[in-house]
Amino acid sequence: MKKTKADPKGVLTGAHYLDGDHALAEGALAAGCRFFAGYPITPSTETAERFAERIPMVGGVFIQMEDELASIAALIGAAWGGKKVMTVTSGPGFSLMMENIGLACMLETPLVIANVQRGGPSTGLPTLTGQQDMMQVKWGSHGDYAIIALSPDSPQECFDLCVEAFNLSEIYRVPTFVMTDECVGHMHEKVVIPPAEEIELVERKWYTGPKDKYLPFKPDTDMIPFMVKVGDGYRFHITGLTHDERGYPVINAECQNVCVPHLVDKINLNADKIIKIEEDETDNAEVIVISYGITSRVTTRAVRKARKAGIKVGTIRLITVWPFPEKRIKELAKKIKAFVVPEINYGQMVYEVERSAFGQAPVIHVPHCGGWVHDPEDIFKAIKEASK
Amino acid sequence: MKEKDRPEEKNPIEDLLRMDRIPHIWCPGCGIGVVVTSFAEALRKSEIDLEKTAILSGIGCTGRVAGYVKLDSIHTTHGRAVPVATGLKIANPELKVVVFSGDGDIAGIGGNHFIHAARRNMDLVIICVNNFNYAMTGGQVAATTPITANASTAPFGNFEYPFNLPYLAEASGATYVARWTALHLRRVTKSMQEALNRRGFSFIEVITPCVTLYARRNRLGDGLNLLKYYYEKSEIQHGADTKTLDISYQGKLIVGKFVDKDKPTFLDCMNEHLGKVLGDKYKPYGGNHD
C-alpha cells in the first residue's frame, strides 16, 4: 500500500461551520476525488452542489447525469479512466444504483457512494431522516459480493470518513459507502479540515509489470489485484460476467466458485483491519447499547440517565457498519445481560447483533420508522428493561 | 500444416482480435461479425492510436463485441455502456471511446442514456447493430421491430411503432448520423472511419441479419435472403431528412450519411464556458495531465 499526502489544491484547511452534506464534498475533494457524477435528490443534493461549485477551481469535473443509473455507470468508467470518483444519493436513487453497484463489485472498481438516508420505502419522507438502507447497502444488488460501509455521526465525521472511504476503496478495490442520514447531512457543526500534509491518502495499486502480462483480476499476495488505466496500452478486458484472472468470461461453476468467493473473502478476511468501533464503558457493563450515526448521539442522553439511575451501561458506536464487528459482539455477549439496539428503521442491524450474540445474550430492539430521531426516553426504557 | 505455410488461413484482422477468445458465440449467418470486420478495417484506416482507443459494450449478442476486439474493452451492464463511456471519456479526454452494442441495449433499455449523451455532444462513437429483435434472449420484440413482424413476445405480430433511430439521434443532438446495412460493408467502414476521425457524438446504425431468430420466425429465409432484401430495398440518400427514415416490415431501407456537422463537445463547452465565467480562477480541465 503506497501512502501519499493530500493535494493541497483540494483541501480547504481551516475551521468551518458546515453541514454534513457539505463536509462530504470537502472530504471527497481532500481525498483527491476529481470526478463526481450525480443526480439531484433530497436530502443529499447539497453535496453535489458544493462539489459543482468547488471543482472548477480545483481541476476536475462535476457532471449531472440523467439519472442515478447513469451516475454510478459514469463513476465506473471514470474510475477505470484513472480518477478517484464519487456520487451521493438517497433511498430512491440508491435503489436505482443497485445494478451497477454489482458491476462495480464484479469489476473490483474503487469508488465512493454516500447515501444521505431518508425515510422509506418508496418516496417515503424526502426531507426527513431514516436509517433504512443499512441492509440494502449490504445486500441490495443481486448475487454474492461484499462492500465496506461507514456511518458518520457528525459533519466532522462526514469529512473524516469520506477521506477514509476513499482510502478503503483504493486498498480493497471495492465500492465503499458513507451511510449518513438527513439529520447528520443537514446538521451544521464545526468541521476542522487539517492541512493537506496531515491528510494521509492511499494511492491506487497501479500495475507496472510487462504490458502483455497484466491480469486485471489476479489477486496479489494481499488478495487485491493491481489496476491499470484505460489508455495505458494494456489492451485489457473486463466484464460483469463471471470471469477468470484475465477478465475473460467463463460461464461455468468452477470459475464462479473462484471469482465470487474472492469478492467476498477479500473483505471478510480483512475485516479486523477494516473495522472501527467506538466503545465506552463496555468492560463491566450489564447492558450494552449498540448504535450508529445520528442514533448514537441520541443514545448518549439515554445512557447518561441510565448511569445516573445506577445501571451499568456501556455503548458501542459502529463507525464501520459493514463488515460487521461480529467477533467483538460475540465476545461481549458472554459477559452481559442484554444488548439494546436503537436504530431508525423497523429492524435491520439488530439482526446482525442477534446473529453475532449467538443466543448468549438477549437483544432488545428499539425501532423507529423514521421522520425524526428517537425520544431518548424510549432508549432509556429499553436499557432499564435490559438491566432486569 | 503450420499457419506460416498457409498464410491464407490467417484471419486478416487477427491483430485486432483476441484470438484466444475465438470461436465467437455468434450464429452462422449472423451479421455482427462482418460489422466487426468493418470496424477493424476502419480502425486501421483511421490511423488513430489504438492504445488510446477503448471499446465498450452493453449486453446482448452485439454486447459481446467488446470481448473480442483487442483494445482496452469494458463489457458493462444492459443499456449502460453509454454512461460508462461518458465517465471514461471525461476521465481521460485523450481517449477515443467507442460504444458497440445492439438496438435493444442502446435504444431500448439504454434509450435515456443515449439521448442525453447525444444532447451533451459527448465525444463518443456509437455503433448500433440493429437486428430488429432481442436476439440473445431468444427473439423478443424490440423498440426497433417493424410493425407486423413476428417476435416471441409478439407472437401475433408487432403492433407498436418502432423507433426511427437516425431521427432520434439527430433530434437529441448527435452531430454525425449514418445508417447502413450489413451489405454495405465498404460504406459502413467509411462511416466508421469518419466517425473515428472526428469529434462529437457520432451514431452509426447498421441493419444486420438475425438468421436464427428474426428471419426464421418471420420465414424470411437465411442470411443470404436478408442480404438480397437489403440489396433490393435499400436506397442510398445522403443527407436525407431523418424524419423520413422509418422502417416498415420488409419495406424500403433508406441508408446513407444524414448528418455531419461541427459543434463543440461537452468538454469543449465546459472549458470554454467556465473559463469565460470564472476567468483566471478556473483550472482548465485536461484529464490525467493536470
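Order of the sequence lines sets the chain letters (A, B, ...), proteins ahead of strands, with each chain counted from 1. Treat the numbers as computed from the prediction; the structure is a model and nothing was measured.
Taking 4.0 Å as the cut-off between side-chain N and carboxylate O, A:Glu66 and B:Arg120 count as a salt-bridged pair. Residues B:Lys45 and B:Glu41 are paired through a salt bridge, judged by an N-O separation under 4.0 Å between the basic side chain and the carboxylate. Under a 4.0 Å N-O distance rule, the pair B:Lys276/B:Glu272 qualifies as a salt bridge. Look at A:Asp133 and A:Lys138 and you find no salt bridge, because none of the NZ, NE, NH1 or NH2 atoms lies under 4.0 Å from a carboxylate O. In summary, B:Arg199 and B:Asp268 engage in a salt bridge, as defined by a charged side-chain N under 4.0 Å from a carboxylate O. By the 4.0 Å N-to-carboxylate-O rule, A:Glu26 lies close enough to A:Arg54 to be salt-bridged with it. Under a 4.0 Å N-O distance rule, the pair A:Arg204/A:Glu170 qualifies as a salt bridge.
Per-residue heavy-atom pair counts under 4.5 Å with chain B were compared for A:Leu75, A:Ile55, A:Leu103, A:Ile76, and the maximum is reached by A:Leu103. Counting heavy-atom pairs closer than 4.5 Å to chain A, the top-ranked of the candidates B:His113, B:His116, B:Lys52, B:Met270 is B:His113. In terms of heavy-atom pairs under 4.5 Å with chain B, the best-connected choice from A:Gly102, A:Ser71, A:Ala74 is A:Ala74. The most heavy-atom pairs under 4.5 Å with chain A, out of B:Leu95, B:Val97, B:Leu278, come from B:Leu95. In terms of heavy-atom pairs under 4.5 Å with chain B, the best-connected choice from A:Asp232, A:Asn100, A:Leu107 is A:Asn100. Comparing A:Gly247, A:Ala37, A:Ala78 by heavy-atom pairs within less than 4.5 Å of chain B, the highest count is held by A:Ala78.
The aromatic rings of A:Tyr234 and A:Tyr207 stand perpendicular to each other, their planes meeting at an angle above 60°, with 30° marking the opposite boundary.
For B:Ile115, no part sits under 4.5 Å from any heavy atom of chain A, backbone or side chain. Only the side chain of A:Lys211 comes within contact range of chain B, judged by heavy atoms closer than 4.5 Å.
Between A:Tyr214 and A:Phe226, the gap from one ring centroid to the other reaches at least 6.0 Å.
Using non-hydrogen atoms only and a strict 4.5 Å limit, the part of residues 70-86 of chain B facing chain A consists of B:Lys70, B:Leu71, B:Asp72, B:Ser73, B:Ile74, B:His75, B:Thr76, B:Thr77, B:His78, B:Arg80, B:Pro83, B:Val84, B:Thr86.
Here A:Arg246 contributes atom CZ and A:Leu215 contributes atom CG; the two are 8.5 Å apart, rounded to the nearest 0.5 Å.
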